[in-house]
**Q** 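Got a structure for you, written out below as structure tokens; questions coming shortly.
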Protein chains: 2
Amino acid sequence: MTSSPQTSAFAHPGGAAYAPKADVDVMRCLVCDIRNRSLCNSMDEEGLAALAHSSRQLLLPPGTTIVEEGEPALAFFNVTRGTVKLFKSLPDGRRQITGFADAGQFLGLSTAQTYSFGAETVDNVRLCRFLRPQLETLLSDYPTFERRLLAAVTDKLAEAQEQMLLLGRKTAREKVATFLLDRMKAFHQTANRRQEAENLASVPMTRVDIADYLGLTIETVSRTISAFRRSLLIASAENHRIRILSVATLLNIASGQKAD
Amino acid sequence: MTSSPQTSAFAHPGGAAYAPKADVDVMRCLVCDIRNRSLCNSMDEEGLAALAHSSRQLLLPPGTTIVEEGEPALAFFNVTRGTVKLFKSLPDGRRQITGFADAGQFLGLSTAQTYSFGAETVDNVRLCRFLRPQLETLLSDYPTFERRLLAAVTDKLAEAQEQMLLLGRKTAREKVATFLLDRMKAFHQTANRRQEAENLASVPMTRVDIADYLGLTIETVSRTISAFRRSLLIASAENHRIRILSVATLLNIASGQKAD
DNA sequence: CGAGTTATTGACTCCCCTCAAATGATGTGG
DNA sequence: CCACATCATTTGAGGGGAGTCAATAACTCG
């Protein structure tokens with residue numbers, strides 16, 4: 001079901017995936033371009049230095065495994081560029097993508113000894129890795145950081161509930177409309193220049209990933225997107241982008257009104 | 001889609017739903033019979049007194065609305081007896097139950113100003129209500145409580161991911177098998193005498209609720225349960241209970257093996 | 001016991017899945 | 001830069017699992 005080069009976020013040092021040297025690293029969080037949109041916005045200057053000290057930065061190519069279902073839960077990650085997919089699988093290979101983590105989002109939290117989900121890069125991804133003991137130290141030393149994380153997990157839970165509504169009760173058409181609008185929102189939040197992102201959705205993932213996210217098959221996803229294109233609700237754009245031509249109509253469809 | 005008497009957890013004092021007088025209340029958390037299985041197990045004696053002081057106990061009949069989708073998020077709840085259903089709805093009335101909170105579980109956490117979900121009692125429910133400012137004080141004053149809540153939300157998120165796998169990728173048969181096993185586990189965790197609970201599942205909710213939880217119709221749920229009964233995988237028991245006759249087979253079905 | 005609610009069962013339909021083939025994109029080496 | 005292999009996407013034809021509609025049966029509780 002998956003494919004792609006199988007690098008790992010735990011590959012031994014020396015690999016291209018690793019971080020610059022330590023003295024540069026102290027500043028890393030201070031100058032991070034998406035800091036304001038992430039957990040790290042709870043930190044003062046001292047805290048940012050502690051964050052930089054507690055984490056390592058990884059640069060990973062598309063298709064890299066970040067965490068594997070059932071493996072020991074050793075680390076926590078903060079995505080600072082690109083998109084990561086999180087998923088769970090059944091023994092026979094059926095897979096459900098439970099979410100996409102874009103820049104500013106975290107992943108890898110677990111109270112169990114092992115991860116109950118897998119995570120893999122979708123495109124070129126930059127992330128900060130916190131080993132568990134270091135994360136725990138941070139949480140204890142910086143109550144505002146812990147509070148911020150609690151809020152972030154709470155938000156993720158609300159997102160998950162929204163996705164359950166989609167998976168359990170929406171039609172294929174409604175699912176795809178919701179997805180496109182969500183990707184538009186995600187692009188708005190991570191794009192550097194806002195105007196350029198107007199009505200654009202970033203869709204770096206394949207049809208397989210979209211299908212596994214929406215609980216559909218790739219054929220149904222493809223057919224539905226084609227239908228939207230024929231109805232002039234959307235249009236293709238360069239670079240894995242889709243332009244939303246009628247946000248209002250798509251919103252209607254996504255929320256279950258018959259509208260066309 | 002819902003029915004039932006429309007009481008509210010915010011009904012004015014004096015209603016039957018309200019708590020005993022304050023001097024008894026100081027001891028409430030100390031003597032709480034399910035304390036060890038809830039968030040409150042992170043508290044020492046002083047903390048338990050603070051919890052009791054910060055919360056009010058509510059006793060609610062079946063079908064009572066606890067929180068309403070879109071209403072201001074004023075409170076946080078800890079279920080200490082019975083079962084609560086959490087759900088989200090589409091404008092046309094389609095509903096997805098995102099989870100059942102049994103004794104020991106919390107509900108009502110929100111970072112937004114309003115609740116993004118509704119909650120309603122399934123059977124007779126006892127719960128502790130914390131108004132938001134009081135909860136925040138508790139979190140600040142008792143770091144172990146905050147850490148425990150973070151862990152609890154993290155667990156809920158893992159549960160939600162498991163449910164997404166179910167909703168998106170499992171067949172009706174697999175969904176119902178998973179549900180029955182989950183209800184057996186829930187009963188084990190909340191039952192006072194363990195032996196009595198052996199292989200019993202507590203199913204206090206209606207077919208409508210089960211269907212809205214599994215992303216099915218009531219007819220499909222009913223047919224599937226009937227098929228399991230005919231295959232002697234389960235049998236009815238008194239008091240909204242179902243006896244699991246073959247846990248192993250049901251486990252196989254739940255995880256997607258063909259087994260029958 | 002009887003009225004209303006909830007659950008079961010049956011007959012039929014349809015949305016989405018499956019299987020299959022064609023088309024389009026991407027990259028590599030000659 | 002093109003030929004070709006590989007992979008991803010689109011489109012079509014047909015089938016099946018779960019939904020819809022409808023009737024009956026089994027609870028629940030005055």
Side-chain angles (χ1 to χ4, degrees), chain A residues 1-5 61-63 92-96 122-124 166-177 179 203-231 234-242 253 256 258, chain B residues 1-5 61-63 90 92-96 122-124 166-177 179 203-230 234-242 253 256 258:
Chain A
M1 191 138 270
T2 26
S3 52
S4 329
D92 64 4
R94 277 176 286 171
R95 188 181 67 153
Q96 178 65 41
V122 168
D123 47 12
N124 280 303
L166 176 145
L167 291 169
R169 289 302 183 211
K170 288 189 180 179
T171 65
R173 190 179 158 76
E174 291 161 2
K175 286 176 175 181
V176 173
F179 173 73
V203 188
M205 59 291 287
T206 65
R207 292 289 181 271
V208 175
D209 286 345
I210 299 172
D212 282 350
Y213 179 57
L214 299 178
L216 298 171
T217 59
I218 57 172
E219 293 94 334
T220 299
V221 171
S222 186
R223 273 187 255 272
T224 308
I225 290 181
S226 293
F228 284 161
R229 198 168 6 224
R230 270 194 300 278
S231 307
I234 63 172
S236 309
E238 70 295 342
N239 250 40
H240 294 279
R241 304 270 155 79
I242 289 178
I253 297 172
K258 279 259 160 55
Chain B
M1 187 141 273
T2 23
S3 52
S4 333
L90 289 170
D92 64 5
R94 277 175 286 171
R95 188 182 66 153
Q96 179 65 41
V122 169
D123 47 12
N124 280 304
L166 177 146
L167 290 169
R169 289 305 184 211
K170 288 188 180 180
T171 64
R173 189 179 159 78
E174 292 161 0
K175 286 176 175 181
V176 174
F179 173 72
V203 187
M205 59 290 286
T206 65
R207 291 289 182 268
V208 174
D209 285 346
I210 299 173
D212 282 351
Y213 179 56
L214 299 178
L216 298 171
T217 60
I218 57 172
E219 293 93 335
T220 299
V221 170
S222 187
R223 274 188 256 270
T224 306
I225 290 182
S226 294
F228 284 161
R229 196 163 14 221
R230 269 194 301 277
I234 62 172
S236 308
E238 70 293 343
N239 248 40
H240 294 279
R241 303 271 154 81
I242 289 178
I253 296 172
K258 279 260 157 55

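Numbered from 1 within each chain, the chains take letters A, B, ... in sequence-line order.
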**Q** Sequence neighbours excluded, which residues qualify as side-chain contact (heavy atoms from CB on, under 4.5 Å) partners of Ala227(A)?
**A** Arg230(A)
**Q** What nucleic acid atoms does Thr206(B) come within less than 4.0 Å of, heavy atoms only: base, sugar-phosphate, or nothing?
**A** sugar-phosphate
**Q** Write down the atom of Ala177(A), the atom of Ile253(A), and the distance for their closest heavy-atom approach.
**A** CB-CG2, 3.8 Å
**Q** Distances for protein N/O vs nucleotides 16-21 of chain D N/O pairs under 3.5 angstrom?
**A**
from: dA18(D); atom 1: OP1; to: Ala172(B); atom 2: N; distance (Å): 2.9
from: dG19(D); atom 1: OP2; to: Thr217(B); atom 2: N; distance (Å): 3.2
from: dG19(D); atom 1: OP2; to: Thr217(B); atom 2: OG1; distance (Å): 3.0
from: dG19(D); atom 1: OP2; to: Thr220(B); atom 2: OG1; distance (Å): 2.6
from: dT20(D); atom 1: O4; to: Arg223(B); atom 2: NH2; distance (Å): 2.9
from: dC21(D); atom 1: N4; to: Glu219(B); atom 2: OE2; distance (Å): 3.0

**Q** Using whole Å, what does the distance between atom P of nucleotide dG24(C) and atom CZ of Arg207(A) come to?
**A** 15 Å
**Q** Holding to salt bridge (Lys or Arg N to Asp or Glu O under 4.0 Å), I want the full list of residues that pass it with Asp123(B), two or more places apart in sequence or in another chain.
**A** none
**Q** Residues in side chain to side chain donor-acceptor pair (under 3.5 Å) with Thr220(A), at least two apart?
**A** Thr217(A)
**Q** Can you tell me how far C1' of dA8(D) sits from CD1 of Ile225(A), to the nearest Å?
**A** 13 Å
**Q** Could you pull out all residues at least two apart from Arg169(B) that satisfy salt bridge (Lys or Arg N to Asp or Glu O under 4.0 Å)?
**A** Asp212(A)
**Q** For Lys175(B), check side chain to side chain donor-acceptor pair (under 3.5 Å) against everything at least two apart and list the hits.
**A** none
**Q** List the atom of Leu167(B), the atom of Gly215(B), and the distance in Å for their closest heavy-atom pair.
**A** CD2-N, 3.8 Å
**Q** Please identify each residue that fulfils side-chain contact (heavy atoms from CB on, under 4.5 Å) with Ser231(A), with sequence neighbours left out.
**A** Leu233(A)
**Q** Please name all residues satisfying ring-ring contact (aromatic ring centres under 6.0 Å, His included) with Phe228(B), sequence neighbours left out, ordered by chain then number.
**A** none
**Q** What integer distance in Å separates Asp209(A):CG from dC7(D):C1'?
**A** 14 Å
**Q** Atom CG of Asp123(A) to atom C1' of dA8(D): distance rounded to whole Å?
**A** 17 Å
**Q** Below 3.5 Å is the cut-off: list the nitrogen or oxygen pairs between protein and nucleotides 25-30 of chain D, distance only.
**A**
none

**Q** May I ask you to say what Ser226(B) touches in the nucleic acid, namely base, sugar-phosphate or nothing, with a heavy-atom cut-off under 4.0 Å?
**A** sugar-phosphate
**Q** Should Arg229(A) be listed as having a side-chain N or O under 4.0 Å from OP1 or OP2 of dT10(D)?
**A** yes
**Q** Enter the inter-axis angle for the ends of the helix from dC1(C)-dG30(D) to dG30(C)-dC1(D) (five pairs per end, rounded to 10°).
**A** 40°
**Q** Ser226(A): which residues meet the side chain to side chain donor-acceptor pair (under 3.5 Å) condition with it, sequence neighbours left out?
**A** none
**Q** Going by side chain to side chain donor-acceptor pair (under 3.5 Å), name the residues that satisfy it together with Asn124(A), two or more places apart in sequence or in a different chain.
**A** none
